Amino acid sequence: MCHCKYQSQFTSKLLSRIFLGAQYHIQHYLGIAVCLTGLAALVYADLSVKGSSGQDSFIGDVLCLFGSMLYAVSNVGQEYILRHSSRKV
């Protein structure tokens, strides 16, 4: 099971805060904390499985998290480029 949307939201909010100066309310941060806690619980559950399927699940989790981070980087990068590009057409 892929949990990409949880990590992607965290990464995109973090990057947009740093590079775009976006402001977020406490509810956003609480939602991120809940999502990351659930994500940590799911990864822990995958690690606690005995045998090779547990290791395969963990590798899948890591690949999914890496992919979601790249997705967030692309979204924030596009927003940054759009905000800072000249509108001369």
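This is a predicted model, so every value here is computed, not measured.
Remark: Y24 engages H28 in a ring pair (Phe, Tyr, Trp, His ring centres under 6.0 Å) (not counting sequence neighbours). Applying the side-chain contact (heavy atoms from CB on, under 4.5 Å) rule to F66 yields the partners L70; only residues at least two apart in sequence or on another chain are considered.
Between atom CG of residue L63 and atom OG of residue S68 there is a gap of 11.0 Å, rounded to the nearest 0.5 Å. Rounding to the nearest 0.5 angstrom, the gap separating the CG atom in L39 from the CG atom in L65 is 5.5 Å.
Between D61 and L42 there is no side-chain heavy-atom pair separated by less than 4.5 Å.
Among V76, I18, I32, the one residue that satisfies the side-chain contact (heavy atoms from CB on, under 4.5 Å) test with K13 is I32.
Residue pairs meeting the side chain to side chain donor-acceptor pair (under 3.5 Å) criterion with at least one member in residues 72-83, sequence neighbours excluded, are E79-R83.
Minimum interatomic distance between A72 and S12 (heavy atoms only, all atoms of both residues): CB-N, 3.6 Å.
In the hydrophobic cluster analysis, where Ile, Leu, Val, Met, Phe, Trp and Tyr join through side-chain heavy atoms closer than 4.5 angstrom, V62 is grouped together with V43.
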